[in-house]
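In what follows, a structure is listed as structure tokens, so that the remarks can point back to it.
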Amino acid sequence: MGRLDGRVALITGGASGIGAAAARLFAAEGAAVAVLDRDGDGAARLVTSLGERDGGRAALALAADVTDRAAVDEATARAVATFGRLDVLYNNAGVPAGFGPVGDLSLADWNLSLAVNVTGTLFCTQAALPHLRAAGGGSIVNQSSVAALVGIPGLAAYSAAKGAVVALTRALAAELAPEGIRVNAICAGTVETPMIRPLLAARGQGDVELGAKLTAERYPLGRIGTADEIARAALFLASGESSFVTGTVITADGGMTVV
Ligand code: 1HS
């Protein structure tokens with residue numbers, strides 16, 4: 001008996017990193033999973049591997065950029081046409097745009113950070129809402145970051161965007177609770193994914209290995225996290241185990257924000 005038996009989940013940024021880990025975990029817990037990614041080939045590969053490795057009952061790859069409202073609407077409709085309903089939206093897609101000193105931050109990177117991390121979350125939520133309502137309720141999980149909670153040098157654009165995701169989460173939780181739609185966020189510390197390479201490079205002044213060492217030292221547990229460790233928090237929020245939890249933030253950060 002899986003914790004998501006009979007559920008349909010759409011995961012954005014699902015082709016790699018935390019999204020891919022969540023796709024595997026949700027599928028293993030019985031969900032039908034729609035893997036949305038701007039890298040359509042990557043999403044297709046992930047879906048193929050789900051069938052083989054995790055007993056994925058049903059999975060679908062969707063190629064879409066979360067900043068393209070029409071593409072998101074179309075992809076979401078395809079997921080619902082394929083699986084018949086939608087219960088869970090995991091707004092995981094994000095970009096590490098604009099890492100570096102604030103004086104060097106370009107308007108293009110600032111706008112990209114807000115577009116993907118914040119507007120993308122809004123667009124996917126808007127696309128999913130009619131379907132979550134039709135299912136009689138559901139769970140939205142938004143990917144935020146410790147950068148929303150503490151000040152981290154070099155992350156102005158990313159922190160502003162992830163802070164907005166937390167505020168958006170709370171606003172939507174209040175607005176959608178009467179409809180049985182829960183909205184929560186995960187504030188993740190750094191995890192081993194392709195996305196963090198620019199951060200490690202910036203911190204190590206070009207030396208990724210040095211950046212990784214300096215980053216691990218920031219974490220009381222002595223290491224950065226794994227994608228699966230964040231996916232497990234997402235599973236809790238996606239499933240009925242968190243049925244009385246809405247508008248909150250789960251910080252999964254190896255203790256980074258408590259010191
Ligand atoms: C990229 C991820 O959301 C975490 S923000 C960076 C936190 S830290 O590792 O630099 O302390």
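Since we're looking at a predicted model, the values are computed, not measured. Scope of the values below: all heavy atoms of this structure, side chains included, with no hydrogens, waters or symmetry mates. One-based numbering, in listed order, for ligands and for the atoms of each.
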(message) In the structure I gave you, are the side-chain heavy atoms of Thr251 and Val258 within less than 4.5 Å of one another anywhere?
(response) no

(message) I'd like to check the side chain to side chain donor-acceptor pair (under 3.5 Å) partners of Ser159; sequence neighbours left out, ordered by chain and number.
(response) none

(request) Identify, chain by chain and in numerical order, each protein residue with a heavy atom under 4.0 Å from an atom of ligand 1. (result) Ser145, Val146, Ile152, Leu155, Tyr158, Ala188, Gly189, Thr190, Leu199, Arg203, Thr215, Arg218, Tyr219, Met256

(message) Suppose we screen for ring-ring contact (aromatic ring centres under 6.0 Å, His included). Which residues come up paired with Tyr219, at least two apart in sequence or across chains?
(response) none

(message) Quick one, Ile152 and Arg218 - any side-chain contact, counting heavy atoms below 4.5 Å?
(response) yes

(request) Kindly compute the distance separating CZ (Arg232) from CG (Leu237), expressed to the nearest 0.5 Å. (result) 14.0 Å

(request) Mind jotting down which residue pairs meet the salt bridge (charged side-chain N to carboxylate O under 4.0 Å, His left out) criterion with at least one end in residues 104-133? Sequence neighbours excluded, please. (result) Arg133-Glu179

